[in-house]
Amino acid sequence: MFSVYVQLLFCLVPFLIHSDAIEIPLSVEQLPVIVDVSEESQVAFPVDEEFSIKCNAKGNPAPVYKWTKDVKQFDPYTDPNIKTSDQSGTFTILPNDNISHYDGVYRCYASNPLGTAMSEDTKFIVPGVPKFPNEAVPPVVVEEGKPVVLRCDPPQGLSPVHIYWMTLDLVHIPQDERVSVGLDGNLYFANVITTDDRSDYCCFASFSVIRTIVQKLPMTLTVQSSCTCRMLQVAVRLDSYKGEPFPLSFRIGPNPTLSRIFKLHLKL
């Protein structure tokens, strides 16, 4: 007899292992089980018209739904800007002028006389539009051949953020072993050359999650040439001036850019 039970058990094991979850008849009382919820985080894009936060559970008797927002009781059923469902705990935030009021962390509770099921948190994010400070950036002056860094300092916003350096004409700044964008978003010059001299270096920050691109005010990089004297001071000693030095300053070239000052002392 014992062997018969063993054989019967071995016959049932494959069925139990490979069969799907057994459906319990609706007439049998059941604890609530949450079967559908929103993703862990949800972003309120400006282009969207309404935003749904889902919670659906099964159980017998039918579950009653409650919500918390930021660990406090939240009642979507009395809010005129929210549409609720009679079949589930899902609610939809309708278009309104105070959508940021709904930014927070939500959790759903489905209860019946047998117990309560609790969902994972759903973070509803209402992002603000990142902005660079609306202030001019002082010009950066550097001698030819020297390294320099143009800072981007992008505003805070939802990650990831992608940084691009372009001109006002939306032409990308060429990058190579001499010029590159760092992980911090700054534009690095290993050594500057005269063609780097321009007044429209623009940093663009792209926030892909909220589909927004913002631009920093243009920056000026002035490269001072190391081949041309900016100012030449000549002290000429003339006998007619009783042996006192006579300072004489003049500029060389139509656009002198050298920061070095050469002093020549000529004796007549």
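Side-chain atoms are counted along with the backbone in the values below, which use heavy atoms only and exclude waters and symmetry mates.
Around the CZ atom of R178, the shell of radius 6.0 Å holds more than 12 heavy atoms that belong to other residues, nucleotides or ligands. Within a 6.0 Å sphere centred on NZ of K69, other residues, nucleotides and ligands contribute more than 12 heavy atoms. Atom CG of D97 sits in a sparse spot, with 12 or fewer heavy atoms from other residues, nucleotides or ligands closer than 6.0 Å. Open room surrounds CD on E120; 12 or fewer heavy atoms of other groups in view lie less than 6.0 Å from it.
Taking every heavy atom of both residues into account, V161 and A205 meet most closely at CG2-CB, 4.1 Å. Among all heavy-atom pairs drawn from G182 and Y188, the shortest one is N-CD1, 3.8 Å. When all heavy atoms are compared, the tightest approach of C152 to K216 is O-NZ, 3.0 Å. Of all non-hydrogen atoms in V192 and E143, the two that sit nearest each other are CG2-O, 3.4 Å.
Between the side chain of D79 and the main chain of P76, no donor-acceptor pair closer than 3.5 Å is present.
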ask   = What's the verdict on side-chain contact (heavy atoms from CB on, under 4.5 Å) for V142 and L221, showing C-alpha distance, side-chain angles and the deciding distance?
value = CA-CA 8 Å; V142 63; L221 175 62; 3.8 Å; yes
ask   = Going through the distances and angles, do I82 and Y102 end up as a side-chain contact (heavy atoms from CB on, under 4.5 Å)?
value = CA-CA 10 Å; I82 290 180; Y102 299 97; 3.9 Å; yes
inquiry  = Run the side-chain contact (heavy atoms from CB on, under 4.5 Å) test on M219 and V140 for me, step by step, so that the C-alpha distance in whole Å, both residues' side-chain angles and the decisive distance to 0.1 Å come before the verdict.
reply    = CA-CA 8 Å; M219 287 173 266; V140 177; over 6 Å; no
key: Stepwise salt bridge (charged side-chain N to carboxylate O under 4.0 Å, His left out) test for K72 and D70   = CA-CA 6 Å; K72 297 179 181 179; D70 298 328; over 6 Å; no
request  = Test T122 against W67 for side-chain contact (heavy atoms from CB on, under 4.5 Å), laying out the working first.
outcome  = CA-CA 11 Å; T122 295; W67 286 90; 5.8 Å; no
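Here the SG atom belonging to C108 is positioned 11.5 Å from the CG atom belonging to D121, to the nearest 0.5 angstrom. For the atom pair N112 CG and K58 NZ, the distance stands at 13.0 Å (nearest 0.5 Å). Rounded to the nearest 0.5 angstrom, L183 CG and I163 CD1 are separated by 11.5 Å. The CD atom of Q30 sits 9.0 Å away from atom CG of L114, with the distance rounded to the nearest 0.5 Å. Annotation: the span from S119 atom OG to Y109 atom OH amounts to 7.5 Å, rounded to 0.5 Å. Note that CG of N81 is 9.0 Å distant from CD1 of I93, once rounded to the nearest 0.5 Å.
Residues F91 and F74 are in side-chain contact: their nearest non-hydrogen atoms beyond the backbone lie under 4.5 Å apart. Two residues are said to be in side-chain contact when any heavy atoms from C-beta on lie closer than 4.5 Å; V181 and Q175 meet this criterion. For the pair P155/F207, a side-chain contact is recorded, criterion being any heavy-atom separation below 4.5 Å from C-beta on. In this structure, the side chains of I99 and F51 come closer than 4.5 Å at one or more pairs of heavy atoms. Side-chain atoms of W165 and L150, non-hydrogen and from C-beta on, do get closer than 4.5 Å to each other. Side-chain contact check for F189 versus P147: every heavy-atom pair is 4.5 Å or farther apart. Taking the side chain as every heavy atom from C-beta outward, P174 and V179 never approach each other to under 4.5 Å.
When only modelled atom types and interatomic distance are considered, N186 and D184 share a side-chain donor-acceptor pair under 3.5 Å.
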For residues 130-137, dump all side-chain donor-acceptor pairs below 3.5 Å to protein atoms at least two apart in sequence or in another chain.
none

Could you list the donor-acceptor pairs under 3.5 angstrom formed between side-chain atoms of residues 35-43 and any protein atom two or more places apart in sequence or on another chain?
{"from": "S38", "atom 1": "OG", "to": "K54", "atom 2": "N", "distance (Å)": "2.6"}
{"from": "Q42", "atom 1": "NE2", "to": "S52", "atom 2": "O", "distance (Å)": "3.1"}

Check residues 166-173 and write down every donor-acceptor pair under 3.5 Å in which the side-chain atom is one partner and the other belongs to a residue at least two apart or another chain.
{"from": "T167", "atom 1": "OG1", "to": "D169", "atom 2": "N", "distance (Å)": "3.2"}
{"from": "T167", "atom 1": "OG1", "to": "V171", "atom 2": "N", "distance (Å)": "3.3"}

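With sequence neighbours left out, the side chain to side chain contact (heavy atoms under 4.5 Å, CB included) criterion links V64 to no other residue. Taking S199 as the reference, T220 meet the side chain to side chain contact (heavy atoms under 4.5 Å, CB included) condition, with sequence neighbours excluded. Contacts of V129 classified as side chain to side chain contact (heavy atoms under 4.5 Å, CB included), with partners at least two apart in sequence or in another chain: T212.
In the hydrophobic clustering of this structure, I193 does not group with V223; members are Ile, Leu, Val, Met, Phe, Trp, Tyr whose side-chain heavy atoms approach within less than 4.5 Å, directly or through other members.
The aromatic rings of Y106 and F124 sit perpendicular, their planes meeting at an angle over 60°, well past the 30° parallel limit.
For the pair R151 and D153, the salt-bridge criterion is met [side-chain N within less than 4.0 Å of a carboxylate O].
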